[in-house]
Structure formats: C-alpha cells, structure tokens
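When a residue number appears, it is its place in the shown sequence, counting from 1. Whatever order the structure lists them in is the order used to number ligands and atoms, beginning at 1. Keep in mind that what you see is a predicted model, and the values were worked out from it rather than measured.
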Amino acid sequence: MDGGRQQQGQGVADLPDLRLRVALAPVSWLWSQLSRGQQKVTARAVSQALDVLEGISSPEAAPQLLADRLTGRLQEVRGEALVREPMGWLLRRGLVQRQACSDRRCDDAIRLDTGADCENCANVLHIRRAWRARITAEVDAAMPGADPMARKAAIEERLRHRAELEAEDLMRSRQQAEAERARCQAVRAAAEARVQAEREAAAAAEAARQARPCADCGTAGSAGLCETCGYQRQTQALVEETILVAAAGAAGIGDVADVQAVTENVRGQMEREIAAARPQLLDLINTDDAVHDTPEQLASALAFTALQAVRQAADEYRSSVLRFLAHSPQAQTEAELAHAAELRKRRHQWNPDGETKPTAVHEAADAARWRTAQYLLDTRLQQLRATAEAATSKATEAALPKPRGRWAERLAPLAALPISDDPVRVDT
Ligand SMILES: [Zn+2]
Ligand SMILES: [Zn+2]
C-alpha cells in the first residue's frame with residue numbers, strides 16, 4: 001500500500017450482506033486488495049449483477065451463479081494473483097455478463113437459468129457455419145480460378161459484412177425487447193396505481209360512511225344510525241306492524257272507533273311490555289360485572305331489551321289473530337271441503353269397505369283451516385298496507401310537514417275500506 005493513503009477495506013467474510021459473501025467468495029483475495037472506497041463501488045456493481053441474475057433465475061440461486069461466473073473468469077486469467085487491477089478487472093470482466101447471443105439468459109454460451117449450454121448460441125454457431133459455406137460458394141462462383149490470397153480476402157470481407165448485419169439485427173431486437181419490457185412495466189405500474197387509487201377511494205368512502213352521525217340522535221361516528229336508535233327503529237316498526245296485524249283481525253274493521261281502540265290497545269300493551277322488561281335488565285346489570293358499561297352501552301342494552309319484549313308480544317298477537325281467523329266462515333268452509341275430500345280419497349284408494357283413520361282426515365282439515373287463516377291475514381295486511389300507503393302519499397302531496405303520521409291518523413282512512421270477507425268474531 002502506498003503509505004496508507006487509502007483506508008484498508010474489510011474482508012469478504014466481514015460483509016454484512018450474505019448474498020455478497022457467497023458471490024464474492026471466489027475473489028476474496030482480490031476483494032481484500034481493494035480500498036474501502038473501491039469496495040463500496042464494487043459492492044454496488046455486485047448488487048446490480050445479483051439483481052439481474054435474480055430476475056433471470058431466482059433470488060436463492062443468484063449469489064452462487066455470480067460466484068460461478070467469477071470462478072470461470074478467474075480461470076481464464078489463471079488465478080487471482082495474475083490480476084493487475086483488482087477493481088477494474090472485477091467491474092469490466094469478472095462481474096460482467098457475456099451475452100453471447102440475443103437470449104438475455106445467455107452468459108458465455110451457458111444458460112444462467114438452467115446451467116445448460118445455450119441452445120440459441122448453438123443455433124447462431126450453426127447459422128454462421130452455414131453462412132461461411134454459402135459465402136465461400138458465392139466467392140468461388142464469382143471469382144473462378146482466383147488467387148488463393150484474393151479468394152480468402154474476399155471471403156473474409158463478405159463474412160465481416162455479414163457479421164456487421166447480424167450485430168445490427170441483434171442490437172435492434174435487444175432494443176425492441178427493452179422497449180417492450182418498459183411498456184409492460186408502465187402498463188403494470190398504471191394498473192397498480194389504479195388499483196391503489198380505487199382502494200384508497202373505497203377506504204375514504206367507508207371512513208366517511210362510518211363517520212356519519214346518527215340520523216336519529218346525532219351521535220357522531222355512527223355510520224348514519226347508532227346501535228340504540230337502530231333497535232328503537234326496529235321496535236317502532238314492529239309495533240306498527242303488530243297494530244296492522246291486530247287491525248287485520250278486528251271484527252269491526254270498518255269502524256273508526258274500533259280501529260282506534262285496537263291501535264291504542266296494542267300501543268299501550270307494547271309500552272307496558274317494554275316498561276316491565278326494563279327493571280329486569282337493570283337488575284341483571286347491577287348484579288353482573290357489566291357495571292363498567294358506558295352510558296351508550298347501557299342505552300343500547302335497554303333498547304335491545306325493549307325490542308325483545310315487543311317481539312314476544314308481537315308473536316302472541318299474530319298467533320291470536322291467526323287463531324281468530326282460523327275460525328272464520330271461510331276457514332271453516334275450507335276445512336270442511338278438505339275433510340270431505342280426504343275422506344273420499346282414503347275410502348276409495350285404501351280401504352273401500354272399512355273404516356277410515358280419523359287422524360289423517362282431521363289433519364287435512366286442520367291444515368286447510370290454518371292455511372286459509374294465513375291467507376286471510378296476508379291478504380288483509382296487503383289491503384291495509386296499500387290503504388295506509390295511499391293515505392301517506394296523499395298526506396305528502398298535501399305538503400304536510402310529517403310524511404310519517406301517527407298510526408292512529410294513518411289508520412283512520414281504513415274505516416272506509418270495505419273488506420268483503422270480514423270474519424265473524426268467535427271466542428279464541
Ligand atoms: Zn447464447
Ligand atoms: Zn342514534
């Protein structure tokens with residue numbers, strides 16, 4: 001070293017990057033001859049060569065492939081000791097891929113990805129031989145009996161020209177391949193950017209949706225409706241539905257006072273159910289370790305409890321109305337028809353002369369009765385809803401400030417609704 005002017009670099013074994021340690025192992029002595037600055041420059045070239053090799057083969061194989069290349073190049077110069085300029089040799093000879101043909105996986109006629117002989121190179125060699133034979137024949141035809149020296153010069157000249165053309169072709173196809181790669185990369189980058197933008201837009205839209213306040217109580221960050229108000233809306237809807245169900249079963253459906261009474265009765269009953277469920281929940285919460293619940297959680301639990309209570313009451317109303325409709329004249333008639341039909345069928349098919357089994361016949365009659373009850377309820381609910389909707393839209397047309405009036409008001413026009421198949425009330 002010339003007077004310690006340059007800082008001594010580190011050894012290959014001390015390199016932090018394992019890829020570099022593997023790749024540079026065959027030239028560790030050359031590496032130790034480099035100054036620290038030279039090592040930095042060379043390390044960058046090694047990394048670039050490794051990146052290229054990773055693209056051609058695989059990240060695991062790349063360091064060994066580069067090590068093999070360095071070993072091969074050293075054999076050409078008969079060992080590290082005979083390299084006079086370590087960095088220059090590494091950068092310009094040792095690390096450089098020698099693409100002997102147009103295949104980018106070709107290094108000195110060896111395929112980097114398979115390690116086998118490059119077939120493309122073999123083809124090139126074959127083609128060159130064919131060209132030499134052809135050019136020789138052409139020269140012999142053009143210069144019959146020429147002086148051997150002149151003949152040889154003419155052949156060499158034509159071969160040189162041919163080689164130039166091939167080099168141009170190779171250059172052109174490499175440029176085309178490069179342009180194609182760049183185009184693909186641009187397309188891929190654009191697609192990735194689009195996907196990313198779409199993802200961000202979706203995330204922003206979702207965040208905006210989540211941030212929307214509750215439409216009913218105004219609590220921020222409720223995605224438009226908080227949990228408590230959601231339960232309250234369901235409860236309200238179920239109460240209204242149950243009022244309709246009860247109205248569908250009312251005998252005096254053509255009577256305003258009757259419908260009013262049903263409405264108030266159901267509403268009052270629902271309120272009592274909710275009031276009864278409330279202290280039960282509060283008792284439960286006080287004895288439970290849920291005392292740490294926030295006021296919002298408590299409100300939500302109460303709203304849910306109210307919904308549960310209303311659900312139970314609504315089920316009972318529905319069953320009661322179905323029972324009532326199951327004893328209407330229509331249901332009675334359907335049951336009798338089914339009874340007679342089943343009787344005929346059984347007697348005829350299975351037991352022409354004997355007794356029929358009473359249970360099957362009764363089952364058929366019962367099924368017809370309940371089917372008719374359900375049909376009557378569905379039909380009447382449809383009629384009631386249609387009338388209520390018509391009343392609501394009439395109210396909206398009249399530009400009333402409340403598009404959803406109280407049920408009592410909405411049900412009032414139902415008084416005018418003629419239901420031809422009005423059932424006769426029976427004890428349920
Ligand atoms: Zn090749
Ligand atoms: Zn709310």
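In this structure, Ala246 and Val262 approach most closely via the heavy-atom pair CB-CG1, 3.6 Å.
Around the Zn ion (ligand 2), the angle linking Cys229 (SG) with Cys214 (SG) is 110°, rounded to 10 degrees. With the Zn ion (ligand 2) as the vertex, SG (Cys226) and SG (Cys217) define an angle of 110°, rounded to 10°. Here Cys121 contributes SG and Cys118 contributes SG, and at the Zn ion (ligand 1) these two atoms make an angle of 120°, given to 10°.
No side-chain heavy atom of Leu65 sits under 4.5 Å from any side-chain heavy atom of Asp107.
Trp131 carries Arg134 over the face of its six-membered ring, with the cationic atom under 6.0 Å from the centre and within 45° of the normal.
Note on Arg385 versus Glu241: salt bridge recorded, some NZ/NE/NH1/NH2 to OD/OE distance being below 4.0 Å.
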